[in-house]
Visitor: 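Once you've had a glance at the structure underneath, I'll fire off some questions.
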Amino acid sequence: MFLEFKKEAEHVLKEALKKASYEYEGVDLEESEHADLASRIAFSLARPYKNSPAIIAEDIVKHLEIPAENTLIADAVAVGPYINFYANDLFLQMTLQEIKEGIATERKRGKIILEHTSANPDGPLHIGHLRNAIIGDVLVRVLERAGYEVETQYYLNDMGRQIAVVVWGAERLAYDATKKTDHAVAEVYIAANRMLEENNELLDEVGELMRKYEAGDADVIRKYKAAVQKCLSGIQASFERLNIQQVVFVWESEFARSGAVKGVIEELKQKGDIKREGAAILLQLEGIEKALVIQRTDGTSLYTTRDLAYHRWKGKNCDRVIDVFGKDHELVSQQLAKALELLGVKAPEFVIFAFVSLPSGSLSTRAGRYISADELMDKIEEQAYTEVDKRRDDLDESKKRKIARKVGIGALRYDMVKVSPDKHIVFDFDDALDIEKKGAPFIQYSHARACSILRAAEEKGYAVSEDYDAALLKERSEIELIKKLSKFCHIIEEAASDLKTHQVAKSARELAESFNLFYKDCPVLTADAELRKSRLALVDCARIVLRDVLAVLGIEAPEEM
RNA sequence: GGGCCCGUGGCUUAGCUAGGAUAAAGCACCGGCCUUCUAAGCCGGGGAUCGCGGGUUCGAAUCCCGCCGGGUCCGCCA
């Protein structure tokens, strides 16, 4: 409902500006701690109209006309240079009504192909991939909630040297059948790398595998598929445990063999600024100093070219392309965008996130220097279990485990998504396992409390009904809570347009905070019958929005904790 | 060497795109609150030259320039 309120305030303010004959660019209407909405427009009018901001604000307010009925605005006043808008009782009432009826998200806004994670299938996901996967997955959920149809893709780099090393290693070493499959693959990969380092002449065999794979040798393809699938099934299991939504795996090799890569190279030769160094082909892109190699001296394709073919295909098959990439892909993504422009295909929108490193340095699967997502999940769930166990010895074992899973994975997801993607993270195990009080468990706890009130109400025969009077909700904490609830759509809209998921995490925490204040201030079950009905309605609305905002974060909402 | 990103209380961060109302939170620390719907909660307290130096502006954490520290990338790896 906040969006409707903002729209109306904007309209009213624009009318006043027109009436007072001010020329303006934007109305500069923002959320504020001092009002429900505040405009700073008087500052920017001060200079052209040679008057103090306070006088101009006063003048604008004089011309302001708030409709007599059917309005969401209670009042608009000039406070010094600021014009402050306040929402009225109808706004509060409509907010609750809208939540109860279900917030409409029927608007169809087109199709998005979003790519995230795309980790090489040479081992398990590690904490770096985790950041990619979680940011990507929350983005998917935000965009879906905002009305887009989203297909999530995982680009599978099966043509690189790493995978060739895995395939080569698998012919000489046995997978450890006792381990999760992706971990078994990593062991072979690490061991194979060591063998190759000690015997450089064996590298030719790896090169031979790569050539045969690109050429389409049936036997080699079979070996590759087996190795990649082995790793993938492990990765997929981790995704499920992390509550990552369904992804479609797109194999890089398909673009190489389908002729799409050749097609891209031919097209770039015609449309681009090409130079040749021997048999290699280089593409000079506008504004980028370094030329992009699009074909090797030996005539084979490169990762970049194949990626270009992939992105051309994506661009043609949806309305928006979004890529969640690590910082190391920043230059590559700029080159990609420029080259796609040459090809006449829309460029992707990039969400670039900074690295996760360990105190000992950067992560490396090949060197075995990483913390796997599985290990982290195991430990955090265990930690969550001891926390549950500490508080709830009345519950049976399976119930405690179930809650611990939700809390542990939730805490992990929240911690990853709460910080801005361009912040570099140095991973600290103790820190990660310190189930932060104001993180996911805090929000989940608020949800559980709301559920608990509703359960107790039902037992006493006080069912939530449509028959309540929102006007009875006059306590400060009640009003604050409703206002927080009203912002849900606004938060989703902002996150969907800025592609900034960490703000959703922050808003979710603030909502939980508001609920906890209400919980403390306003007894529900012991209130008078009429007030009780209103408060029960509010609790139910809070439950719905807390559940929804957690769902957008991909965090499960337990009904008890 | 060049490009891009980050630098905010002891620690982790939000705010920076579109400059404005006392710089906002969490952790840690100190003190208080469970006979009332789950204390994973609530209330109070101390603690910040917003990396440093200039500039623009009536006004700068926010914009511009320089420097320092960290990260990342820089043609035939992916």
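All chains are named by letter (A, B, ...) in the order of the sequence lines, taking the proteins before the strands, and each is independently numbered beginning at 1.
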Visitor: Could you tell me how far rC63(B) sits from rG75(B) if I compare only their C1' atoms? Round to whole Å.
Guide: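 Per the computed distance, 36 Å lies between those C1' atoms.
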
Visitor: For rG26(B), is chi within 90° of 0 (syn) or not (anti)?
Guide: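 Anti conformation here, the glycosidic angle of rG26(B) being more than 90° from 0.
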
Visitor: Quick one: label Leu292(A) by what it contacts on the DNA or RNA (base, sugar-phosphate, nothing), any heavy atom closer than 4.0 Å.
Guide: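 The residue Leu292(A) makes no contact with any strand.
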
Visitor: Do NZ/NE/NH1/NH2 and the carboxylate oxygens of Glu214(A) and Arg257(A) come within less than 4.0 Å?
Guide: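 Arg257(A) and Glu214(A): not salt-bridged.
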
Visitor: Side chain of Ala280(A) only, heavy atoms from C-beta on: which candidate in rC43(B), rC76(B), rG7(B) is closest?
Guide: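 Within the option list, the nearest is rC76(B).
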
Visitor: Does rG75(B) have OP1 or OP2 sitting under 4.0 Å from an N or O in the side chain of Gln284(A)?
Guide: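 So the side chain of Gln284(A) is outside the cut-off, no N or O lying under 4.0 Å from OP1 or OP2 of rG75(B).
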
Visitor: Of the nucleotides rU57(B), rC42(B), rA39(B), which has the atom closest to the Tyr519(A) side chain?
Guide: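 So the nucleotide nearest the side chain must be rA39(B).
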
Visitor: How would you label the glycosidic angle of rC34(B): syn (within 90° of 0) or anti?
Guide: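 Syn, since the glycosidic angle lies within 90° of 0.
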
Visitor: Which nucleotide in the set rG71(B), rA40(B), rC58(B) lies at the smallest distance from any side-chain heavy atom of Val407(A)?
Guide: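 From the listed options, rA40(B) comes nearest.
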
Visitor: Considering every strand shown, what is the Watson-Crick or G-U wobble mate of rG1(B) when both distances are under 3.5 Å?
Guide: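 With both distances under 3.5 Å, rG1(B) matches rC74(B).
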
Visitor: Could you tell me how far rC5(B) sits from rC65(B) if I compare only their P atoms? Round to whole Å.
Guide: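 The answer is 11 Å between these two P atoms.
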
Visitor: What nucleotide among rG20(B), rA18(B), rC4(B) has an atom nearest to a side-chain atom of Glu30(A)?
Guide: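 Given the options rG20(B), rA18(B), rC4(B), the side chain of Glu30(A) is closest to rA18(B).
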
Visitor: Using a cut-off of less than 4.0 Å, is there contact between a side-chain N or O of Arg47(A) and OP1 or OP2 of rC58(B)?
Guide: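 So the side-chain polar atoms of Arg47(A) do come within 4.0 Å of the phosphate oxygens OP1 or OP2 of rC58(B), strictly under.
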
Visitor: Given rA78(B), rA40(B), rA25(B), identify the nucleotide with an atom nearest to the side chain of Arg509(A).
Guide: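 For the Arg509(A) side chain, the nearest candidate turns out to be rA25(B).
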
Visitor: Is the distance from OP1 or OP2 of rC42(B) to the nearest side-chain N or O of Lys438(A) less than 4.0 Å?
Guide: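 Affirmative; the distance criterion is met.
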
Visitor: Using atom P of each nucleotide, how far apart are rC64(B) and rA60(B) to the nearest Å?
Guide: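 To the nearest whole Å, 16 Å.
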
Visitor: Compare the minimum distances between each of rA78(B), rG7(B), rU22(B) and the side chain of His34(A), then state the nucleotide with the smallest one.
Guide: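 Closest of the options to the side chain of His34(A): rU22(B).
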
Visitor: Suppose we define a pair by two distances each less than 3.5 Å, Watson-Crick or G-U wobble; what does rC50(B) pair with here?
Guide: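 Paired with rC50(B), as far as the under-3.5 Å criterion goes, is no nucleotide at all.
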
Visitor: What interatomic distance, in whole Å, is found between P of rG2(B) and the corresponding atom of rU62(B)?
Guide: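 So the two P atoms sit 24 Å from each other.
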
Visitor: Indicate, with a heavy-atom threshold strictly under 4.0 Å, whether Tyr82(A) touches base, sugar-phosphate, or nothing.
Guide: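 The residue Tyr82(A) makes base contact.
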
Visitor: Kindly point out which of rA39(B), rA78(B), rG71(B) is positioned nearest to the side chain of Arg296(A)?
Guide: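 Nucleotide nearest to Arg296(A)'s side chain: rA78(B).
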
Visitor: Under 3.5 Å, is there a donor-acceptor pair between the side chain of Ser39(A) and the main chain of Val27(A)?
Guide: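 A pair under 3.5 Å: yes.
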
Visitor: Output the single nucleotide from rC27(B), rA78(B), rU57(B) whose closest atom is nearest the side chain of Glu252(A).
Guide: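 Output: rA78(B).
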
Visitor: Which one is paired to rC27(B), where only Watson-Crick or G-U wobble pairs with both distances under 3.5 angstrom count?
Guide: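 Pairing partner, where one exists within any strand: rG10(B).
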
Visitor: Is the shortest side-chain N/O distance from Lys423(A) to OP1 or OP2 of rG71(B) below 4.0 Å?
Guide: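 Result: no.
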
Visitor: Suppose you measure atom C1' in rU72(B) against the same atom in rA25(B); what distance do you get, rounded to whole Å?
Guide: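 It comes out at 29 Å once rounded to the nearest Å.
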
Visitor: Rounding to the closest angstrom, what is the interatomic distance between rU49(B) and rC33(B) at atom P?
Guide: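 Those two atoms are separated by 34 Å.
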
Visitor: Salt bridge check, Lys327(A) against Glu330(A): does any charged N sit closer than 4.0 Å to a carboxylate O?
Guide: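 Yes.
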
Visitor: Check whether any side-chain nitrogen or oxygen of His329(A) sits under 4.0 Å from OP1 or OP2 of rA78(B), and answer yes or no.
Guide: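 Answer no for this pair, as no side-chain N or O of His329(A) is under 4.0 Å from OP1 or OP2.
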
Visitor: If the C1' atom of rA48(B) is compared with that of rU13(B), how far apart are they to the nearest Å?
Guide: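 Looking at atom C1' only, rA48(B) and rU13(B) are 14 Å apart.
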
Visitor: To the nearest 0.5 Å, tell me how far Leu156(A) CG sits from Leu232(A) CG.
Guide: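 Between Leu156(A) CG and Leu232(A) CG, I get 5.5 Å after rounding to 0.5 Å.
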
Visitor: Is rU22(B) paired to anything, Watson-Crick or G-U wobble with both distances less than 3.5 Å, and if yes, which nucleotide?
Guide: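 Across any shown strand, rU22(B) pairs with none.
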
Visitor: Can you find a side chain N or O atom of Lys506(A) that sits less than 4.0 Å from OP1 or OP2 on rG26(B)?
Guide: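 For rG26(B), neither OP1 nor OP2 has a side-chain N or O of Lys506(A) closer than 4.0 Å.
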
Visitor: What nucleotide among rG41(B), rA78(B), rG71(B) has an atom nearest to a side-chain atom of Asn120(A)?
Guide: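 Among rG41(B), rA78(B), rG71(B), the one nearest the side chain of Asn120(A) is rA78(B).
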
Visitor: Given rA39(B), is OP1 or OP2 found less than 4.0 Å from the side-chain N or O atoms of Arg449(A)?
Guide: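 Indeed, a polar side-chain atom of Arg449(A) lies that close.
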
Visitor: Does Arg405(A) pair with Glu381(A) as a salt bridge, N-O distance under 4.0 Å?
Guide: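 Salt bridge between Arg405(A) and Glu381(A), a charged N being under 4.0 Å from a carboxylate O: no.
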
Visitor: Identify which nucleotide among rC5(B), rC37(B), rA40(B) has an atom closest to any side-chain atom of Lys327(A), counting heavy atoms from C-beta outward.
Guide: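 Taking heavy atoms from C-beta onward, the closest nucleotide is rC5(B).
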
Visitor: Hey, does the side-chain of Ser32(A) have a donor or acceptor N/O within less than 3.5 Å of a partner on the base of rA21(B)?
Guide: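 By the distance-only test, yes, there is a pair.
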
Visitor: Determine, for Asp521(A) against Arg476(A), whether the closest basic-nitrogen to carboxylate-oxygen distance falls under 4.0 angstrom.
Guide: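 Not counted as a salt bridge, because no side-chain N and carboxylate O are separated by less than 4.0 Å.
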
Visitor: rA78(B), OP1 or OP2 - any side-chain N/O from Asn157(A) closer than 4.0 Å?
Guide: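 Answer no for this pair, as no side-chain N or O of Asn157(A) is under 4.0 Å from OP1 or OP2.
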
Visitor: State whether the aromatic ring of Phe43(A) stacks on the base of rG20(B), taking stacking to mean ring centres under 5.5 Å apart and ring planes under 30° to each other.
Guide: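 Aromatic stack with rG20(B) present for Phe43(A).
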
Visitor: Over all heavy atoms of both residues, which pair between Ala309(A) and Val264(A) is shortest? Give the atoms and the distance, please.
Guide: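 Answer, listing the atom of Ala309(A) first, then Val264(A): CA-CG2, 3.8 Å.
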
Visitor: With a 4.0 Å cut-off on N to O distance, would you call Lys506(A) and Glu510(A) a salt bridge?
Guide: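 Yes, Lys506(A) and Glu510(A) are salt-bridged.
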
Visitor: Specify the residue among Asn84(A) and Val419(A) whose closest nucleotide of RNA chain B lies further upstream toward the 5′ end.
Guide: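 Of the two residues, Val419(A) wins.
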
Visitor: Does Val79(A) or Val332(A) map to a spot on RNA chain B nearer the 5' end, using the closest nucleotide for each?
Guide: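 It is Val79(A), whose closest nucleotide lies nearer the 5' terminus.
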
Visitor: Any side-chain N or O of Arg161(A) under 4.0 Å from OP1/OP2 of rA78(B)?
Guide: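 For rA78(B), neither OP1 nor OP2 has a side-chain N or O of Arg161(A) closer than 4.0 Å.
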
